[in-house]
Amino acid sequence: MITLESLGAFALIVGLLTLTPGLDTALVLRTAALGHRRRAWGVVCGIQCGTLAWGVFASLGVSAVLTASHLAYEILRWAGAAYLVWMGGRMLWATRRRAAGASDGTGSPDSPVAGGSLAGGWRQGFVTNLLNPKMGAFYVAVLPQFIPAGASHLAYGVLLAGVHVLLAVVWSCALIGFARVLRDQLRRESARRLLDRVTGTVIAAFGVRLALGD
């Protein structure tokens, strides 16, 4: 049976991972700061569904196969890198179009990537998380150390992934609350373009870094 001590140690590890600024933080902050609250919660739910999926995959040994297979890992890595570069590039291109539209009075205040759909946010968060092979590698390396010998790997894997999800949702609540404070300042078109340019650059850079294998 898993002990409170080992559960606390796992919570500390994934808690530090959650607090580390990264792609998930950038996606949630950007979406919430633009006032798309429903989509922001969709992104949060999608990311956490991806986390839970990786926990299940690791428990069933699927992630171990992925990690052991160089070809499978490379396919997932390049797919993830291409998706991130596409998503970041799309944000950057949208800011150029809006800037051009604003100069002739036809600009739209919203990016096409930033619609308010809950389902659209979920899809974006889920695909982003699931196409990150480093999540799979992390769970393969960490999860087995906290599953008691002779216990059900699936049951305990889901339990531990649930702890990760819970901590991430709490952190996401803080991020969305913080973004709401900034919402009034971000209503200006120039501020929206700046936010999209920063976020698009960060996401595309994550994609390039993933492609380079760093």
Side-chain angles (χ1 to χ4, degrees), residues 2-29 43-85 87-88 122-149 151-175 199 202-214:
I2 193 168
T3 64
L4 289 178
E5 183 180 356
S6 61
L7 196 61
F10 179 80
L12 177 61
I13 293 172
V14 295
L16 292 174
L17 178 67
T18 299
L19 292 175
T20 302
L23 178 60
D24 294 351
T25 300
L27 276 177
V28 173
L29 265 179
V43 171
V44 172
C45 291
I47 290 171
Q48 301 321 317
C49 284
T51 298
L52 191 60
W54 277 121
V56 172
F57 292 160
S59 303
L60 296 176
V62 175
S63 291
V65 173
L66 175 65
T67 305
S69 170
H70 179 73
L71 177 60
Y73 183 88
E74 287 297 301
I75 290 174
L76 186 60
R77 181 169 69 89
W78 280 104
Y83 176 73
L84 292 179
V85 170
M87 183 164 58
W122 183 90
R123 184 170 56 252
Q124 185 181 48
F126 183 71
V127 173
T128 300
N129 191 292
L130 207 61
L131 286 180
N132 184 0
K134 293 186 178 181
M135 275 294 294
F138 170 80
Y139 266 84
V140 167
V142 173
L143 213 62
Q145 301 180 40
F146 293 91
I147 297 178
S152 167
H153 281 217
L154 180 59
Y156 277 95
V158 170
L159 171 65
L160 293 172
V163 171
H164 190 178
V165 167
L166 178 62
L167 292 174
V169 168
V170 172
W171 176 237
S172 296
C173 288
L175 291 176
T199 309
V202 169
I203 291 174
F206 269 101
V208 172
R209 184 180 178 186
L210 184 60
L212 296 177
D214 294 333

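Predicted model only: the values in this text are computed from it and were never measured.
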Open item on the list: For a quick test of reading the model, state the closest non-hydrogen atom pair linking Ser152 to Ala155 and the distance between them.
Closed with: OG-N, 3.2 Å

Open item on the list: Any non-hydrogen side-chain atom of Leu84 less than 4.5 Å from a side-chain atom of Leu131?
Closed with: no

TODO: Evaluate the ring planes of Phe146 and Phe10, with Trp represented by its six-membered ring, and classify them as parallel (under 30°), tilted (30 to 60°) or perpendicular (over 60°).
DONE: perpendicular

Open item on the list: If I take atom CG from residue Leu29 and atom CG from residue Leu175, how far apart are they, to the nearest 0.5 angstrom?
Closed with: 4.5 Å

Open item on the list: I need the Thr51 OG1 to Leu166 CG distance, nearest 0.5 Å.
Closed with: 12.0 Å

- [ ] Return the minimal non-hydrogen interatomic distance between Ala11 and Val163, and the atom names on each side.
- [x] CB-CG1, 4.0 Å

TODO: Mind listing the closest non-hydrogen atom pair of Tyr139 and Ala161 along with its distance?
DONE: OH-CA, 3.9 Å

Task: Any Thr128 side-chain heavy atom under 4.5 Å of Asn132 side chain - done: no

Open item on the list: Is the ring pair Trp122/Phe126 parallel, tilted or perpendicular, if the boundaries are 30 and 60 degrees?
Closed with: parallel

Check residues 16-24 and write down every donor-acceptor pair under 3.5 Å in which the side-chain atom is one partner and the other belongs to a residue at least two apart or another chain.
unit_1 : atom_1 : unit_2 : atom_2 : d
Thr18  : OG1    : Val14  : O      : 2.8
Thr20  : OG1    : Leu16  : O      : 2.8

Open item on the list: Contact between Leu60 and Leu154 at the side-chain level, heavy atoms closer than 4.5 Å - yes or no?
Closed with: yes

Open item on the list: Any heavy-atom pair between the side chains of Trp171 and Val28 that's under 4.5 Å?
Closed with: no

Task: Spacing of Thr199 atom OG1 and Met87 atom CE [to the nearest 0.5 Å] - done: 10.5 Å

Task: Nearest-0.5 Å distance that lies between atom NE2 in His164 and atom CG in Leu52 - done: 11.0 Å

- [ ] Indicate yes or no: at least one non-hydrogen side-chain atom of Leu143 is less than 4.5 angstrom from one of Phe138.
- [x] no

Task: Separation of Ser59 OG from Ile147 CD1 (nearest 0.5 Å) - done: 5.0 Å

